[in-house]
Protein chains: 2
Amino acid sequence: MTKPKLRLVTPDQAQEGAANCKALGQVLDRIGDKWTIMVVGVLSHGPMRFNALQREIPGLSHRMLTMTLRGLERDGLVKRTAFATIPPRVDYELTAVGHSLTEPLYALAIWARGQQANIEAARAAFDASSTD
Amino acid sequence: MTKPKLRLVTPDQAQEGAANCKALGQVLDRIGDKWTIMVVGVLSHGPMRFNALQREIPGLSHRMLTMTLRGLERDGLVKRTAFATIPPRVDYELTAVGHSLTEPLYALAIWARGQQANIEAARAAFDASSTD
DNA sequence: CGGAATCCCCCTGGATACTG
DNA sequence: CAGTATCCAGGGGGATTCCG
């Protein structure tokens, strides 16, 4: 060990990593909540009305759906279209940006499904050894 | 348009989508919190000690770091190695599974950085029109 | 130095009811 | 049918303290 410093990454990579972490943090703050990805997932099939959306996602309260949609709309991930008819009707659909999000999300889903078994096994093993 | 039903996805794809959503939900429950990805990001550079880890992530409290590491360890994403020396020393490092997570995460980070500007713009526009 | 337990505050998010 | 406002409980998470 004669190295003065042990750096496993170059400063440039570290900068990259830091920037990525910040960016990742932002996205996760947006999509990391309980409902957002569900809504995006359902919406990825096509436009949908408010109530249809709620019916599609069990456990999602009226209020939470409103807030989730608001957030997504605010960030330009979904487009809201209101028809001033009686009864009123509002359609929600993914924008181009919203759709583009589904791709990396899909990659993550693939990983999730691939590692699911490993993770559950690890969890069981961990719980067993701490309970014992 | 002679189709009897307007389905943008086949039933099979819908099943896929549902399964993916579930899987995604699981991952996001794990990595969606405030600190986990930061820890994974820092650990992706190499093994690190508890205090070094904490110093690396501003705002991360002692307690939260403990809990975050516990969770990751439980799911087999990080490996914990304790040395019974005085003073005690504990190293944390990503496991193979943990490292494999960084890949889809990286894809997501790329997306994040690419869309960051769009999202901020949309957000500003949205806020402007609602504040007006 | 690393971890666990206690305390406590704040904010998320659910239920309900009202407006248009 | 869509959205907002109010109320309120539960838990996430920070500060602190004590143990090994």
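Direction change of the helix axis from one end of the helix from C:dC1-D:dG20 to C:dG20-D:dC1 to the other is 30°, with five pairs defining each end axis (rounded to 10°).
Judged purely by atom type and a 3.5 angstrom limit, B:T66 uses its side chain to pair as donor or acceptor with the backbone of B:H62. Using modelled atom types, one side-chain atom of A:T95 and one backbone atom of A:L77 make a donor-acceptor pair closer than 3.5 Å. When atom types are taken as modelled, the side chain of A:T36 and the backbone of A:D33 share no donor-acceptor pair closer than 3.5 angstrom.
The line from CD of A:E93 to OG1 of A:T81 is 5.5 Å long, rounded to the nearest 0.5 Å. Taken to the nearest 0.5 Å, the CG atom of B:L24 stands 5.5 Å off from the CG atom of B:L28. How far CZ of A:R63 is from OG1 of A:T68: 10.0 Å, rounded to the nearest 0.5 Å. Atom CD1 of residue A:I57 and atom CH2 of residue A:W35 lie 7.5 Å apart, to the nearest 0.5 angstrom.
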Quick one: do A:L72 and A:L94 satisfy side chain to side chain contact (heavy atoms under 4.5 Å, CB included)? Show the steps, please. CA-CA 9 Å; A:L72 287 170; A:L94 255 51; over 6 Å; no
Full working for side chain to side chain contact (heavy atoms under 4.5 Å, CB included) between A:M48 and A:D91: CA-CA 5 Å; A:M48 202 167 285; A:D91 274 22; over 6 Å; no
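Summarising the geometry, the separation between CG on B:L60 and P on D:dG13 is reported as 11 Å, rounded to the nearest angstrom. C:dC1 atom C1' lies 13 Å from atom CG of B:L65, rounded to whole Å. Per the geometry, CE belonging to B:M64 stands 18 Å off P belonging to C:dG2, to the nearest Å. Nucleotide C:dC1 holds its C1' atom 12 Å from the CG atom of B:D91, rounded to whole Å. We find that CD1 of A:I86 is positioned 8 Å from C1' of C:dG20, with the value rounded to whole Å. In this structure, the CE atom of B:M67 is 14 Å from the C1' atom of D:dA15, given to the nearest Å. Distance, B:F83 CZ to C:dG3 P: 13 Å, rounded to whole Å.
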Nucleotide N/O of nucleotides 1-7 of chain D paired with protein N/O under 3.5 Å:
residue: D:dC1; atom: O3'; partner: A:R49; partner atom: NH2; Å: 3.1
residue: D:dA2; atom: OP1; partner: A:R49; partner atom: NE; Å: 3.3
residue: D:dA2; atom: OP1; partner: A:R49; partner atom: NH2; Å: 3.3
residue: D:dA2; atom: OP2; partner: A:N51; partner atom: N; Å: 3.0
residue: D:dA2; atom: OP2; partner: A:N51; partner atom: OD1; Å: 3.1
residue: D:dA2; atom: OP2; partner: A:N51; partner atom: ND2; Å: 3.1
residue: D:dG3; atom: OP1; partner: A:R80; partner atom: NE; Å: 2.8
residue: D:dG3; atom: OP1; partner: A:R80; partner atom: NH2; Å: 2.6
residue: D:dG3; atom: OP1; partner: A:Y92; partner atom: OH; Å: 2.7
residue: D:dG3; atom: OP2; partner: A:Y92; partner atom: OH; Å: 2.9
residue: D:dG3; atom: N7; partner: A:H62; partner atom: NE2; Å: 3.1
residue: D:dT4; atom: OP1; partner: A:R70; partner atom: NH2; Å: 2.8

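Proximity of residues 23-42 of chain B to DNA chain D (heavy atom under 4.0 angstrom from any strand atom) is restricted to B:K34, B:W35.
With A:N118 as the partner, the side-chain hydrogen bond (donor to acceptor under 3.5 Å, both in side chains) test is satisfied by one option alone out of A:Q115, A:Q116, A:E120: A:Q115.
Atom CZ of B:F126 has more than 12 neighbouring heavy atoms from other residues, nucleotides or ligands inside a 6.0 Å radius.
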